[in-house]
Amino acid sequence: MSDDVPFMVRSRGSVAGYPVSRQRRLRRTPALRRLVAETRLSVDDLVAPLFVADGLDEPRPVPSLPGVVQHTVDSVTAEVKRLGALGVPAVILFGLPRPEHKDATGSRALRPDGITQQALASARHAVGDTVVLMADCCLDEFTDHGHCGVVDPSTGEVDNDATLPLYAELALSQAIAGADVIAPSGMMDGQVGSIRAALDGAGFQGTAILAYAAKYASALYGPFRDAAQVTIADGGDRKGYQQDSRNRREAMAEVALDVGEGADMVMVKPALTYLDVIADVRGAFDVPVGAYHVSGEYAMVKAAAERGWIDGPAVALEQLTAVKRAGADFILTYFAGEVAEALGG
Ligand code: PBG
């Protein structure tokens, strides 16, 4: 076997002449693997979801999301600082009212001194422009029936058009409080357009919109609803306004609508069960694409790791890498802090 046959090697103690593929050669050492890696997960890809609750004296752990807490305004501010120091570029804030403050229209969400607005202002003051502050723009945490908008009493269904002005007002209050990015997650038709108009009309042309564009009615949101203290009334669900998990093409139509209405970035949610959708959206649109590795995806890894059934940190990295490989530009994940520490951010 001559030395110049390109795809044959004679090394590593074997008898001469067996074929070795280029792929195998480039997998031989950690440094080679690092050099030729197609996908790189970095701290720059991470967005940390954070909960801030009204009426707490101290942070309260969320049992179904180990490592995640409901924060006070002070503790969420400290956490945004800590994450920023680790190199995490962005957080997304979810405000939670006192249970007794929930009502049919989620009116508490809109107050300039509401819990989300307070947290945004406090974090903004603490970190300046060094961390991107996103605000989840939805009403389910604030409504007593747990739906993402107002419910039409005659049909018992969410009233899309009656909800839009509330989202617009909520978004504006979040922008005034200091949000860089408004992230409408309620899947109402027209929500991006009405929020864009409200922001522009009030001089917030520079505030960006991250649309939860392809958001599926998923069973993986359970732990989030524990964290956010959301129960949908009468055993209801969101299948009338969130997407059906059987549908792939529909996601493209949803994203096209949101981009057409002015979304600056779009999101696919959940992440791992919708990698095909992430890849489709990446291929068809030029805006940045985020993916939300949701509460159930996180909780499953944590629960199995606690039992010693899987290597939790390794699975977390593998999953987040898969989401990037599918085409996501950034990932909302409860692993953000942990992964930033592991990556040495
Ligand atoms: C709605 C909202 C939800 C999540 C983010 N925004 C819950 C829902 O649609 O029921 C879920 C996130 C997660 O599971 O981590 N405000």
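Note that ligands are numbered from 1 as they come in the structure, with each ligand's atoms numbered from 1 the same way. Model, not experiment: these values are computed from the prediction.
Using modelled atom types, no side-chain atom of E141 and backbone atom of Q229 make a donor-acceptor pair closer than 3.5 Å.
With hydrogens and angles left out, the side-chain atoms of N160 and Y241 include no donor and acceptor closer than 3.5 Å. A donor atom on one side chain and an acceptor atom on the other are not found under 3.5 Å apart for H71 and E79.
Of the options D280, L275, V281, a side chain to side chain contact (heavy atoms under 4.5 Å, CB included) to V268 is made by V281 and by none of the others. Applying side chain to side chain contact (heavy atoms under 4.5 Å, CB included) to F142 and the options T116, L96, L170 leaves one that passes, T116.
Within the 4.0 Å heavy-atom cutoff, Q242 counts among the residues contacting ligand 1. Heavy atoms of Y334 approach ligand 1 to within less than 4.0 angstrom.
Ion pairing between R40 and D45 fails under the 4.0 Å rule for side-chain N and carboxylate O. For the pair R108 and D144, the salt-bridge criterion is not met [side-chain N within less than 4.0 Å of a carboxylate O].
Counting the atoms of ligand 1 from 1 in the order shown, those under 4.0 Å from a heavy atom of D140 are 1 (C), 16 (N). Taking every non-hydrogen atom of D136 and a distance limit under 4.0 Å, the qualifying atoms of ligand 1 come out as 6 (N), 16 (N). Close approach of ligand 1 to K215 is summarised as follows: ligand atoms under 4.0 Å from at least one heavy atom of the residue are 1 (C), 2 (C), 3 (C), 6 (N), 8 (C), 9 (O). Of all atoms in ligand 1, numbered sequentially from 1 with element shown, those under 4.0 Å from a heavy atom of F94 are 5 (C), 6 (N).
Regarding atom 6 (N) of ligand 1, its nearest protein heavy-atom neighbour is K269 NZ, 3.3 Å. Regarding atom 8 (C) of ligand 1, its nearest protein heavy-atom neighbour is R238 NE, 3.5 Å. Looking only at protein heavy atoms, the nearest one to atom 10 (O) of ligand 1 is R225 NH2, 2.6 Å. In this structure, atom 14 (O) of ligand 1 lies nearest to the protein heavy atom S295 OG, 2.7 Å.
Note: Y212 and Y292 have tilted aromatic rings, judged against thresholds of 30 and 60 degrees for the angle between ring planes.
At a 4.0 Å heavy-atom cut-off, ligand 1 touches Y292 through the side chain alone. Looking at V294 against ligand 1, both its backbone and its side chain come within 4.0 Å, counting heavy atoms.
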